[in-house]
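These notes concern the structure reproduced below.
Computed over heavy atoms, backbone and side chain alike; hydrogens, waters and symmetry mates excluded. Predicted, not measured: the structure shown is a model, and the values here were computed from it.
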Amino acid sequence: MPVNHNAGFDMVPRLSASLEDKKLWRKFINHVKEKFKADVNLHVTEDYIEFDVGDRPKLPFEGHKFLRFSLIIGSDGTAAAVNGAYLAVIAGIAQEYFGMERLQGWNDELGTRGHYTAAEVHESILSYSQLDLPPPSVAPTSTTTTTTAPPFFQITILPTKGRALIAQTAIPKGTRILSERPLFTLSAHDPRDIITAIASALQSLPKPDQQGFLTLSNAHRIDTGLHPFLGTFITNSLPCDRDLYRGDPQRRPAPDTTGIFPTISLLNHSCVPNTVYAFNPRTRFGTVHALRAIPVGEELTMTYVPEDAARADRRDRLQGSFNFICACAACELPPAQLGASDARRTQIDVLRSSIENNPARETKDADVFQLRMLHNCYVLAQLLREEYGEAARLSWVYDMALRTCLKNEDLGRAGVLARRVYEALVVELGEDSQLAQEMRGLVPDPKGSQRWDMVSAHWRTTSEAVPEGLDGEEFERWLFKISEVGR
Ligand SMILES: C[S@@+](CC[C@H](N)C(=O)[O-])C[C@H]1O[C@@H](n2cnc3c(N)ncnc32)[C@H](O)[C@@H]1O
């Protein structure tokens, strides 16, 4: 009976992201592609080369992400023995480019171990399909060419929640923690039955990704009649068709396209989340950004439901759709504080709807309504800050105030608000999002956009009209024209 075992090689130290290392890695990859061009077991995806042998080893297109190439091998005439030939050829090509001393060979059977842990290797393979993460702000300085992968989090199992992402470095506000492509997406316009569509999407995935999907949690396991594929999809899918819609949650249109992510789908819920998920329609990557500074050891969380509702409503929705009773910091507040939080969230919801639905936004002569609108934005921003602190998502409310000022030719306030919207969008969606880029253009020249129809010139100011020397609250009252409300 042949005994199969694992063997492979590790890249020690790993390659850097320098131009020089990139060129070297590209040459290596091209050589491998050329060598195996007639081999039906070679698959080239957008992010890596994969060999349909053993446990499907991959070589990423970005060399600095690569840590290990390994295969199950054997010594007789079986498939496992053939795998050994793949390993030998690829290791041989790698030696040509990176030298013997950089490739640390190992073989379970001989008792030799690789340089990296299984967890490090697993994380590196996950990163093959992720956009490069920015280096951590306090990156240790290295004198070698090795790039330290930003270890923002590790995946742990928590008794009450299953898998969870735990910060393993201090994460500054606005950091892009994750950026990855969906494993697959489904469109609401797909004419096929949804289970057929999921099955066919799964079939086209490499085995480890299929397994990734099948190991995701299914909040609907005990629902009679719900196919496990569907239950798993519903539990873990996220919108994949537009930048996050940040308006009134009640009017939020259902997404046309939803998808499953290898890592983002593992984020647990909190009603006071410290990260925000968004989809970038231009890059087609899902992103997760830190809404506030996150200390080491804290769990990374996002919200599954609109948070601006009282605890009873939030818990109902979470229990119905995700099968758990939320015990986050907001849900576990003592009674008096919970009452205040419920009242604030309900008021936030009412104000959002009123701003969203306010017909005065389009009315030429309704000066008082325009002022009311700005006042509502002021109150909403205050409530959001009170409820969510540093993690408050303010881009939408500043955007609504900006529109109101632009409609009335108040360029002084518009410039200040455009900067605030831009800065908030960078935190929520990232600098590369189209919304953030458009807004950046408005900061120096708020009138430059064709998007705004002026409805009056009643508030006309120039960009020089921003007062100096006002303290924080005085400035806010000027910005939102508070003293003029009710005149
Ligand atoms: C999208 S999955 C998140 C990843 C999941 N923990 C896992 O191990 O695959 C959603 C499921 O995670 C669990 N979960 C998420 N947030 C939770 C929370 N705040 N409290 C308890 N369970 C939670 C629930 O079982 C929920 O149905």
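- Taking the six-membered ring where tryptophan is involved, the planes of Phe213 and Phe229 are perpendicular, since the angle between them exceeds 60° and thus also 30°.
- Within the 3.5 Å criterion, the main-chain N or O of Asn268 finds no donor-acceptor partner in the side chain of Lys161.
- Judged by the 6.0 Å and 45° rule, Lys65 forms no cation-pi pair with Tyr128.
- Contact of the His269 side chain with the Leu318 side chain is registered, since non-hydrogen atoms from C-beta on lie closer than 4.5 Å.
- Looking only at distances, no side-chain donor or acceptor of Asp308 sits under 3.5 Å from a matching main-chain atom of Ile348.
- The main-chain N or O of Phe233 is found under 3.5 Å from a side-chain atom of Ser237 such that the two form a donor-acceptor pair.
- Side-chain contact between Phe153 and Leu178 is present, with at least one heavy-atom pair separated by less than 4.5 Å.
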Review point. When you look at Phe279 and Phe285, which way does the ring pair (Phe, Tyr, Trp, His ring centres under 6.0 Å) test go after all the steps?
Key: CA-CA 6 Å; Phe279 185 76; Phe285 274 70; 8.8 Å; no

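- Using modelled atom types, one side-chain atom of Gln210 and one backbone atom of Leu205 make a donor-acceptor pair closer than 3.5 Å.
- A donor-acceptor contact closer than 3.5 angstrom links the side chains of His5 and Asn107.
- Contact check for His115 versus Arg68: no side-chain heavy atoms found under the 4.5 Å cut-off.
- Between Ile171 and Thr169 the shortest side-chain heavy-atom distance falls below 4.5 Å.
- When each of Phe9, Trp25, Phe66 is paired with Phe98, the ring-ring contact (aromatic ring centres under 6.0 Å, His included) condition holds for Trp25 and for no other.
- Side-chain contact between Arg282 and Gln437 is present, with heavy atoms from C-beta onward closer than 4.5 Å.
- Side-chain contact between Arg176 and Asp432: present, with at least one pair of heavy atoms (C-beta onward) separated by less than 4.5 Å.
- Contact check on Glu390 versus Lys173 returns a salt bridge, with a Lys/Arg side-chain nitrogen under 4.0 Å from an Asp/Glu carboxylate oxygen.
- With hydrogens and angles left out, the side-chain atoms of Ser200 and Arg192 include a donor and acceptor closer than 3.5 Å.
- Although no hydrogens or angles enter the test, the distance criterion places no donor-acceptor pair under 3.5 Å between the side chain of Arg181 and the main chain of Phe261.
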